[in-house]
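Just so we're on the same page: letters track the sequence lines, and every chain starts at 1. Keep in mind that this is a model prediction, so the values were computed, not measured.
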Amino acid sequence: VKRRLLGGWLVLLLFCVVVVARARYTADLAAFLPASPSETQQILVDQLREGAVARVLLLGMEGAETPVLAALSNALVRQLSEDDRFGRVHNGAADVLGKDATFVIENRYVLSAAVTPERFSPSGLRAALQAQLDRLASPLSVAVTPVLARDATGEVFEIAERLQPPDGPHYRDGVWFAQDGTRALLTVYSRAPGFDLDAQEHALDAIREAFEAERSKLGVPAQAARLLLAGPAVFAVNSRSAMRQDVTRVSALATLGVVGLLLFALRSPRIVGITLLPVVAGALAGVAAVSLAYGSVHGVTLGFGATLLGEAVDYAIYFFGGAAGASSPRAGLLRIWPTLRLGLVTSLVGFGALIFSGFPGLAQLGLFSCIGLAVALLATRWVLPEISPAMREPPLLRTVASWIPSGNAHWRPLIYTLAGACMIWLAVRGGSVWNDELAVLSPVPQSDLRLDEAMRSDLGLPDVRHIVVVSADSEQAALEGAEAVGARLDALIGERALAGYDSPAAFLPSVSTQRMRQQAIPEEKLLRANLAKALQGLPFRQGLFEPFLAEAAEQRIRAPLQPADVRLSVMAAPLESLLITRRSRTHALMPLRGVTKPETIEAQLRAAGVSAVLLDLKTETDSLYRSYRQRVVAFSLLGAAAIAAVLLFGLGSLRRTWRVLAPLVAAILVTAAFISIVQSGLTVFHLVALLLVVGVGSNYTLFFEHFAGCDNKSEPQRFSLVLCSLTTIIGFGAVGLAQTPVLSMIGGTVALGAALSLLFAALMAESKSRIEDCVRLKGGRR
Amino acid sequence: MRAFSQRTHAEAKFVEQKHLKVLSSPLRTSGRLIYIAPDRLEKLTLRPNRELLLVAGDAVTFERVDGKRRTLRLQDYPALWGFIDSIRGTMAGDLEALQRFYAVMLQGPEDNWQLVLTPRVQVMRAAVSEIVIHGTQARIVSVEVTEARGDRSVMQVREAGP
């Protein structure tokens, strides 16, 4: 039986190792956004995860002379354009009016917003021709002359002006450069969705390789030219690898600390090895379960692997502590088993709440903790007694045990007062205790964010903060809605409520608008007469505009532009990112620039009579996060209530339950108050950490209550308690040193909370025992 | 050419005639030119419309009547490119820089010289066939740009002082 048990155990472990090795790892904070938000929120989350915004990579090159950087830029565009992994690679060398102009020229009358019936009246034509003359007089004349005969009214310029933001990128040597001319700029659309970090990482590697190859081809020394990368995908990939390093470092540190401490305290490598068995088994099983259940494992979950070390190692320590005073390991174990079991159930109930919270990231944490702890305890119960040697009393025992202060009635009122004060303070702060800015959780370093911001502003890309989303049942309806909204926004630009906007309708007007524009062109005879009137006194050559008259007549009867036509053209990428169809609803996205009066814009949107909302990405993500936090609080409270219920049921006495809970509640209140002061507010992750404190701390208080009630000679148990809390503090303390904000938040909070739980439990413990409680526990259910 | 390289600042009035094939009569504009060594050039057109063309190093911005600013890519405007290059190169007295992009021919006496520039670069040659600069001493008197398509602009320059 013993051999079969161990054999089965090993097979299970092996299976877990295989699953863990094959698992996919992510570091995407969007995993901690709710899985089922409202429709507009879903658009937002999708945009962040896989939209065009998430897929655009910003490349900068600096360090070399301008001509060298320009040559590198062009070489990189050639190289990357051939790579299937990239959609559009752009460095400004071919712009809308450059060699890609054909599409714009051919479709100018349906694309130009300036096309109205007045445009072709004698006075309208006169004004348009006068504008053309002004252009001819300007240094830009060379762009006018080639198309003038076809495009008498200058529609190509009207279109270009709308498409090109006025403060677009600067040019040096024919390609985009930062304003000061030291950095060449490119934009690259990666084809892979933003959340596919493996693909994004490969894409980034491909860019770096291409850069290196072109650099050495041009004979530029490595130190003379640097490649800079920015954009959401870069951040995601970087923070994943940073988190990976962080987790590795933290786990190594925690393992080293815990193992060192155990070696020092237990003086037996073999026993230390056995002590770590449940931890390893638990962590493997936890990661394997998450990988199987969710398809990928989040970096934060992995960080928990290190923290689990803190709690699961306790089981083995309790085991050895129990064994030390008993006739055999098994007998010792059986003595503490009911308390261990109750501790586990308490933790399971606490973390179980997270699994059902509806947030993929948190559910992972919950599942990981539940499975990890359960497996660790099962290993302690069934595997450890079979393989551990008889335990002698550890030599350091008495010294270490004396570190714990003894319970004293004087302490209790003091702790109650402190906890009460913290509770009042938290209650008074109310909602402001929370820090709802998602930015505090961001693992992206400030320097990266500044680089991104600088390149974005040099490229004249929208700041991606305000977006109007117009939703409709069809593409045409969405485009019509975008046009209605666009008309309102045009008026608001005049009022300086915003500086400008992008619209899918600029790339593909709705069919009805196209028809309207076509109908605005008069019959050839009338147009010819109007033109003749308009041309009087203007210096245009006789008969110059014959091609214009012919094309205008053709344009009147042509078929309107369809989405498919645009998708084959240079306009494909912008249209694709601004017009999105999902689940039979089409959304037109209109990013705004330089918004100064969001309320005015919102009022106009309501008046426009279409289904349109103004999303403020910052407040929207923050409010998304706030509602998310509220739900997590609710789930945590539910978990806490369930824990109390389990304890009451397990201990069978209200008074004993209170004795177990009081130090715990006090520790949590003090920790929460302290953290909220020191770290400028609490986040969801602090909350999760507090839940973890309940899990770990309840073991301490349970054991204190247990020992206080039953054992006269409680030194071995006190010893194991000190050891347990030290390992926990080391484990979580190591996590607290992590660079990743989320991990350091969790680590620091749990380390503090666990230490306080132990301290309060010791100080509040009753020195006199109540025999009947003890008997019930000893004879308790097995 | 050496006389030019000693000047750090120059200001002049200009009158430009554009002879375009699409027009039956030339377009006339006038305004002021300001050069600051080594590479800053401002062309402020006052008539018929107020426009400002600002060149500093490689960066070119164009500001229109309505205050709208645009940054330009010189490659898109070869004639403008040639015009700017030739004036700046001449004003800076940098014959070498001129020779990098143009075949340079200098004729005539010091008080009535003529500089003929023919583009070497393919992009430019496709658009500009010749730039001729007339001058006396260290002053530019006129700049004539002939485009490959046959359009031509002639700018008369009258300097306010040395």
Side-chain angles (χ1 to χ4, degrees), chain A residues 66-67 69-70 91-99 101 129-149 152 157 160-161 164-182 458 460 535 537-545, chain B residues 16-31 41 43 45 47-84 100 121 123 126-128 145 147-151 153:
Chain A
T66 307
L69 292 177
N91 70 346
D95 63 1
V96 178
L97 277 184
K99 63 181 172 193
L129 288 167
Q130 187 59 54
Q132 290 285 56
L133 266 186
D134 288 346
R135 288 189 191 105
L136 286 174
S138 84
L140 313 185
S141 60
V142 66
V144 185
T145 43
V147 283
L148 180 66
F157 293 92
E161 219 139 88
Q164 289 173 333
D167 39 1
H170 289 253
Y171 285 100
R172 300 284 165 100
D173 283 20
V175 300
W176 288 338
F177 263 84
Q179 193 162 7
D180 64 1
T182 57
D458 279 332
L535 278 170
L538 294 181
F540 291 101
R541 195 165 45 76
Q542 189 78 39
L544 173 71
F545 292 120
Chain B
E16 189 180 29
Q17 302 260 9
K18 273 186 158 178
H19 304 267
L20 303 176
K21 290 176 81 181
V22 291
L23 300 181
S24 50
S25 60
L27 278 175
R28 193 186 134 101
T29 57
S30 62
L41 186 67
K43 183 185 176 195
T45 307
R47 278 160 213 279
N49 297 307
R50 193 188 160 88
E51 286 169 347
L52 176 66
L53 180 74
L54 193 74
V55 192
D58 295 327
V60 185
T61 46
F62 176 61
E63 199 177 317
R64 274 193 347 208
V65 207
D66 50 11
K68 271 190 192 163
R69 239 170 227 274
R70 276 191 66 171
T71 57
L72 301 184
R73 197 166 58 124
L74 280 181
Q75 276 80 341
D76 289 340
Y77 306 95
L80 179 62
W81 188 12
F83 167 79
I84 290 170
R100 214 177 319 150
V121 189
V123 216
V128 176
V145 181
E147 293 181 34
R149 285 204 198 84
D151 290 341
S153 74

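Contact check for A:Leu136 versus B:Val22: side-chain heavy atoms found under the 4.5 Å cut-off.
For chain A, the nearby part of B:Thr29 is the side chain; its heavy atoms alone come within less than 4.5 Å. When heavy atoms are compared at a cutoff of 4.5 Å, B:Arg149 approaches chain A solely by way of its side chain, counted from C-beta outward.
Closest approach of B:Lys21 and A:Arg541 over heavy atoms only: O-NE, 2.8 Å. Looking at every heavy atom in both residues, B:Phe62 comes nearest to A:Ser138 through CZ-CB, 3.8 Å.
With values rounded to the nearest 0.5 angstrom, A:Arg135 atom CZ is found 11.5 Å from B:Asn49 atom CG.
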